[in-house]
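Reading through the structure tokens given below for one structure.
Since the model is a prediction, treat every value here as computed from it, not as a measurement.
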Amino acid sequence: MNEPVTVFGIRIEIVVIILLVLIVVLAVALFFTIRRLEYVNRKYYVIMSGKKGKDLEKVILTRFKEMDKVKNNARRVTSEHKKFKGQLDSCINKIGLVKYDAFDNLAGNLSFSLALLNQENSGVVLNTMHSRDGCYTYAKEIIKGESYITLSEEEKEAIKKALTVEEEIEAMTTPDETFDID
């Protein structure tokens with residue numbers, strides 16, 4: 001009797017079937033690879049076609065130069081921002097005003113205390129008292145929210161208003177979320 005032909009101890013029919021399956025799998029993989037390559041080729045053709053394709057390197061180099069300019073400009077702006085911020089911190093940016101009647105029932109609230117403070121809560125409080133005989137103005141230095149000279153109640157209130165002006169502005173601009181709609 002004829003013995004079946006074997007390759008590596010496997011019957012030849014099984015080896016042929018395995019090779020046919022492997023050929024089909026490789027053919028499918030080749031088909032998808034070719035389609036992907038055609039897609040990439042089309043994209044490449046679109047990029048490289050016409051004037052833009054020829055100048056692609058020039059365009060890329062130009063963009064890099066523009067990015068360098070933007071980075072340098074950002075550094076300059078940051079440096080200027082720090083410089084201006086330092087200057088702004090020393091400027092008057094907190095104001096508190098209290099109007100009052102210095103000499104009971106004289107002529108309405110014509111007297112006032114005005115606190116003018118910078119970011120570090122230093123500045124001056126001006127107190128102007130109006131009377132029938134004239135108007136008197138006094139200035140007291142404020143350092144970090146405190147004065148070395150005794151302050152009147154109106155001056156203290158003006159300083160307090162100046163110190164809380166940011167909180168008041170924030171409260172006015174923040175929407176109130178405490179209301180209920182029935």
Side-chain angles (χ1 to χ4, degrees), residues 39-40 43-44 46-48 50-182:
Y39 174 77
V40 171
K43 290 290 187 180
Y44 177 78
V46 168
I47 291 172
M48 299 306 287
K51 188 174 182 180
K52 289 183 181 179
K54 294 175 185 173
D55 297 334
L56 185 59
E57 183 178 1
K58 185 190 266 184
V59 168
I60 291 171
L61 292 175
T62 301
R63 294 296 180 245
F64 279 128
K65 287 178 185 176
E66 289 172 356
M67 287 171 44
D68 288 340
K69 287 179 183 177
V70 168
K71 284 174 25 180
N72 290 335
N73 194 28
R75 286 187 193 113
R76 182 186 57 79
V77 168
T78 301
S79 173
E80 289 177 2
H81 175 262
K82 288 178 183 176
K83 176 182 155 189
F84 290 134
K85 182 165 180 3
Q87 292 174 351
L88 285 174
D89 287 346
S90 64
C91 293
I92 300 298
N93 59 9
K94 298 177 183 177
I95 300 171
L97 175 67
V98 174
K99 293 182 75 172
Y100 65 98
D101 189 1
F103 304 102
D104 296 323
N105 300 321
L106 182 61
N109 292 337
L110 296 179
S111 300
F112 65 89
S113 289
L114 177 64
L116 304 169
L117 305 176
N118 64 12
Q119 192 64 33
E120 297 169 353
N121 299 329
S122 297
V124 65
V125 63
L126 301 173
N127 190 16
T128 301
M129 295 186 291
H130 186 272
S131 71
R132 290 184 182 163
D133 298 329
C135 186
Y136 306 96
T137 302
Y138 303 95
K140 297 179 183 174
E141 184 178 22
I142 306 300
I143 299 173
K144 296 185 180 178
E146 300 290 328
S147 173
Y148 296 109
I149 301 172
T150 306
L151 298 172
S152 70
E153 290 302 315
E154 293 82 10
E155 291 167 330
K156 289 178 186 177
E157 188 178 344
I159 291 171
K160 183 179 176 187
K161 280 187 172 185
L163 293 175
T164 60
V165 71
E166 291 172 346
E167 295 168 7
E168 290 177 18
I169 290 171
E170 188 175 313
M172 289 188 309
T173 58
T174 304
D176 186 15
E177 298 178 10
T178 59
F179 61 90
D180 291 326
I181 299 176
D182 292 326

In Å and rounded to the nearest 0.5 Å, what is the [atom1] to [atom2] distance from [X] to [Y]?
X: Glu153; Y: Lys160; atom1: CD; atom2: NZ; answer: 10.5 Å
X: Lys85; Y: Thr78; atom1: NZ; atom2: OG1; answer: 14.0 Å
X: Lys65; Y: Leu61; atom1: NZ; atom2: CG; answer: 6.5 Å
X: Ser113; Y: Leu151; atom1: OG; atom2: CG; answer: 9.0 Å
X: Thr164; Y: Lys94; atom1: OG1; atom2: NZ; answer: 9.5 Å
X: Ile159; Y: Glu157; atom1: CD1; atom2: CD; answer: 11.0 Å

Non-hydrogen atoms of [X] and [Y] that approach each other most closely:
X: Asn93; Y: Gln119; value: ND2-OE1, 2.9 Å
X: Ala139; Y: Val124; value: CB-CG2, 4.0 Å
X: Glu155; Y: Thr150; value: OE1-O, 4.3 Å
X: Gly96; Y: Ala162; value: N-CB, 3.6 Å

* Under 3.5 Å donor-acceptor, Ser79 side chain and Arg75 backbone -> no

* For Ser122 and Lys144, indicate whether the former's side chain and the latter's backbone hold a donor-acceptor pair under 3.5 Å. => yes

* Asked: Does a side-chain heavy-atom distance below 4.5 Å link Ile142 with Asn121?
  -> no

* To do: Please examine the side chains of Lys140 and Asn127, heavy atoms only from C-beta on, and report whether any two atoms are closer than 4.5 Å.
  => no

* Audit row: Lys161, Leu97, side-chain contact (heavy atoms from CB on, under 4.5 Å) steps and yes/no -> CA-CA 7 Å; Lys161 280 187 172 185; Leu97 175 67; over 6 Å; no

* Asked: Within a radius of less than 6.0 Å around CD of Glu146, do more than 12 heavy atoms belonging to other residues, nucleotides or ligands occur?
  -> no

* To do: Report the C-alpha separation of His130 and Phe112 in whole Å, then their side-chain angles, then the decisive distance to 0.1 Å, and conclude whether the side-chain contact (heavy atoms from CB on, under 4.5 Å) test is met.
  => CA-CA 8 Å; His130 186 272; Phe112 65 89; over 6 Å; no

* Charged N to carboxylate O under 4.0 angstrom, Glu80 versus Lys83? -> no

